[in-house]
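First comes the structure, then the notes that go with it.
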Amino acid sequence: MVAAFMQYPFDLFRKEIIESLRPILDSLGYMDEIRLETPPSPEMGDLSFACFPLSKIVKKPPSDVAKDIANKVSPKEWIDHTDASGGYVNFFINVERLVSHTIDVILMQDKTYGSLEKKQKKVIVEHTSANPNGPLHVGRARNPILGDTLVRIYRYTGYDVESQFYVDDLGKQVAILAWGVKNIKPETLPKTDRDKPDHLLVRFYQQAYKLMSENKEVAKEINEIVKLCERGDEETIRMVRDAFEPALQGIKQSLAELDIHFDRFVPESQFVKDKSVDEVVEALKKTEYTGKEDGAWYIDLKPFGVSGRNTKFFFTRSDGTTLYATRDVAYHLWKAKHADILINVLGEDHKLEAKQVEIALKLIGAKTIPKAVFYSFVTLPGGKMSTRRGRVVYLDDLIDEAVARAFEEVKKRRGNELTEEKIKHIAKLVGLGSIRYNILKIQPEKDIVFKWEDALNFEGYSAPFIQYAHARASSILRKMPSPGKVDVKPLTHQQEIALVKLLARFPDVIKEACGNNRPNLIANYLYDLAAQFNQFYRDCPVIKAENKKLRDARLALVQATSITLRNGLYLLGISAPEEM
RNA sequence: GGGCGCGUGGCCUAGCUUGGAUGGGGCGCUGGCCUUCUAAGCCAGCAGUCGCGGGUUCGAAUCCCGCCGCGUCCGCCA
């Protein structure tokens with residue numbers, strides 16, 4: 001058992017620099033926090049300190065200040081030497097120490113390399129929360145992929161995490177579906193090519209929606225269902241739930257394909273049944289921003305910086321029933337009781353609603369305010385996706401297509417050496433990995449126009465590129481296992497050093513990705529790491545290294561790389577094939 | 001009309017929170033590398049007014065103001 005949590009090399013290096021710099025800077029009258037940056041290229045150093053602000057204080061040119069400081073810093077355990085250029089003090093790490101320490105840590109921690117110490121804090125990540133009225137389409141697929149990745153990242157960073165899917169069982173969408181299931185004869189509906197409950201059910205929804213728009217009677221009946229649900233009528237809620245439950249199962253199935261699972265499904269009706277939403281209403285009625293219009297209660301959001309045509313946030317209807325956002329407030333109060341940090345993954349269309357909930361929570365004195373991660377829509381080249389109009393690409397179709405495409409690719413390359421079964425297995429890992437990666441590599445706030453060629457990208461900046469690097473490493477280790485703890489002094493080739501330096505950065509990347517809710521940083525990093533490994537692979541023969549010492553050292557490095565790639569891919573929910 | 005987000009080579013994208021040292025990648029295109037650990041790879045080349053205009057600064061893709069374009073929201077819907 002690994003007793004103590006080993007400290008990561010770059011943390012130690014950074015710490016040493018700051019300790020050396022502090023007294024020097026103090027004596028020059030610079031009291032600010034010391035911020036270190038990474039030079040643009042490794043030849044210039046491993047970390048640097050900019051002297052521009054300091055040059056003002058001491059009234060000397062930055063280059064002179066940098067030179068003075070560089071001369072005063074002496075080599076230590078981690079600082080090998082310093083250098084001044086262009087107004088920067090550049091610090092070079094002790095490479096020999098870095099190499100041995102980094103490889104030691106990685107081989108020792110193995111599956112936990114990059115993870116951080118336990119935080120003793122609970123996080124609830126709410127994501128997906130899609131209306132269970134049909135299959136997930138790719139327009140919404142960003143949500144579960146981002147959400148699940150955040151769950152993984154928070155766990156790895158040391159938090160206790162629970163993932164939640166908020167089931168909107170009181171909404172109009174599910175009421176329409178329930179009406180359809182009850183009133184529409186299945187044989188009148190078009191056939192589906194997919195025998196999966198969500199695909200079968202969405203036809204009822206689409207048809208019921210159509211009838212509702214054409215026929216006032218139908219609309220009335222559907223509204224009646226909604227009303228009964230909102231009042232907490234057990235029988236109606238059960239009827240609706242029975243209607244949508246299979247669709248939810250279908251959604252779960254699709255997500256399971258992508259290795260996405262939830263710890264808890266929370267039905268919206270829970271907060272009507274336990275009356276907690278009524279408590280929210282009572283509390284909101286008492287604020288100084290509260291008003292009433294035709295019997296409906298609202299909060300004026302204008303003083304909170306919300307603007308637009310209408311700034312009133314209605315939290316009851318004139319008949320006293322609550323609205324979606326009101327119940328969402330109750331849900332968040334409940335979550336706050338069970339966690340220290342709340343993360344919500346939401347589409348950009350929910351920005352105002354999230355703001356309403358946040359303001360309401362503050363007004364009634366909630367101590368934990370959720371942090372939202374918004375993502376922009378995935379659209380089709382012709383515009384938005386729409387389940388109603390059938391203008392959609394379903395996630396299931398994307399999955400099938402990705403796996404099929406991957407199958408062709410594997411077959412093309414390895415068809416004559418691998419069994420059909422093995423090809424299928426690899427194709428699945430590659431196809432599914434590509435879907436996740438192609439979403440995760442892009443910042444959430446950027447719009448994505450769905451194009452098959454991008455979604456199924458298998459080369460360059462893609463999952464298979466990284467998986468391939470891992471497979472290459474595995475292939476070497478399969479032929480000749482790493483001897484474990486060895487003397488890594490022979491690792492002096494520039495590709496080896498560059499590779500180790502990247503490996504050592506992994507924990508920083510995770511910390512950064514978690515702190516800012518930005519999984520794309522990990523996606524980026526893994527690409528860089530894989531690319532660097534490919535260069536090492538080209539220049540440094542491992543099995544046929546000149547001598548046994550070098551070979552063993554390189555094997556350890558390959559092992560360390562394979563561990564880091566695998567851990568990183570795991571965080572993104574992508575599998576690391578040993579062969580492809 | 002107002003709020004929020006986005007705008008980087010033909011296409012996609014990193015960097016923007018915390019301003020600094022030559023703006024990184026990928027796709028596509030052109031040319032080269034498989035008798036050596038899997039070529040889903042590697043190397044070289046072509047390709048950029050960082051939407052436009054102003055400002056702050058020793059220094060702006062990054063901060064501030066204005067404008068333009070795209071997305072999204074402004075329901076007693078969810």
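Below, chains carry the letters A, B, ... as their sequence lines are ordered, and counting in each starts from 1.
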Any ion pair linking [Y] and [X] (charged N to carboxylate O, less than 4.0 Å)?
X: Arg140(A); Y: Asp349(A); result: yes
X: Asp454(A); Y: Lys441(A); result: no
X: Arg505(A); Y: Asp528(A); result: no

Give a yes/no on whether any side-chain N or O of [X] is located under 4.0 angstrom from OP1 or OP2 of [N].
X: Arg472(A); N: C42(B); result: no
X: Arg317(A); N: C77(B); result: yes
X: Lys446(A); N: A14(B); result: yes
X: Asn310(A); N: C76(B); result: yes

Answer with base, sugar-phosphate or nothing: what part of the nucleic acid does [X] contact at a heavy-atom distance below 4.0 Å?
X: Glu445(A); value: sugar-phosphate
X: Pro39(A); value: base
X: Thr311(A); value: nothing
X: Ala471(A); value: base
X: Lys292(A); value: nothing
X: Cys51(A); value: nothing
X: Thr379(A); value: nothing
X: Tyr298(A); value: nothing
X: Ser376(A); value: nothing
X: Met480(A); value: nothing
X: Asp349(A); value: sugar-phosphate

Only pairs with both distances under 3.5 Å count, Watson-Crick or wobble alike; so what is the partner of [N] in this structure?
N: U36(B); value: none
N: U49(B); value: none
N: C27(B); value: G10(B)

Nearest-neighbour nucleotide for the [X] side chain, [options] considered:
X: Leu352(A); options: C58(B), C73(B), A21(B); result: C73(B)
X: Val430(A); options: A40(B), C58(B), U13(B); result: A40(B)
X: Lys56(A); options: C42(B), C58(B), A14(B); result: C58(B)

Integer angstrom distance from the [atom1] of [N] to that of [M]:
N: C46(B); M: G69(B); atom1: C1'; answer: 29 Å
N: C50(B); M: G24(B); atom1: P; answer: 14 Å
N: C16(B); M: G7(B); atom1: C1'; answer: 13 Å
N: A21(B); M: U62(B); atom1: C1'; answer: 16 Å
N: C52(B); M: A47(B); atom1: C1'; answer: 23 Å
N: G15(B); M: C34(B); atom1: C1'; answer: 36 Å
N: G5(B); M: C63(B); atom1: P; answer: 11 Å
N: C11(B); M: U49(B); atom1: P; answer: 12 Å

- Item | Worked check of ring-ring contact (aromatic ring centres under 6.0 Å, His included) between Tyr468(A) and Phe465(A) | CA-CA 5 Å; Tyr468(A) 186 67; Phe465(A) 180 91; 8.2 Å; no
- Query: Has Phe377(A) got its ring stacked on G71(B), by the test of a centre gap below 5.5 Å and a plane angle below 30°?
  - Reply: no
- Query: Would Tyr88(A) pass as stacked on A21(B), i.e. its ring centre under 5.5 Å from the base's six-membered ring centre and planes under 30° apart?
  - Reply: yes
- Query: Between the side chains of Arg231(A) and Thr236(A), does any donor sit under 3.5 Å from an acceptor?
  - Reply: no
- Taking every heavy atom of Ser48(A) against every heavy atom of Phe91(A), the minimum-distance pair comes out as CA-CD1, 4.3 Å
- Note on the structure: The residue, Ile448(A) or His350(A), whose nearest nucleotide of RNA chain B is more 5′ is Ile448(A)
- Message: Can you work out whether Ala296(A) or Arg478(A) has the more 5'-proximal nearest nucleotide on RNA chain B?
- Response: Arg478(A)
- Item | Arg414(A) (side chain) donor-acceptor with Met580(A) (main chain) under 3.5 angstrom | yes
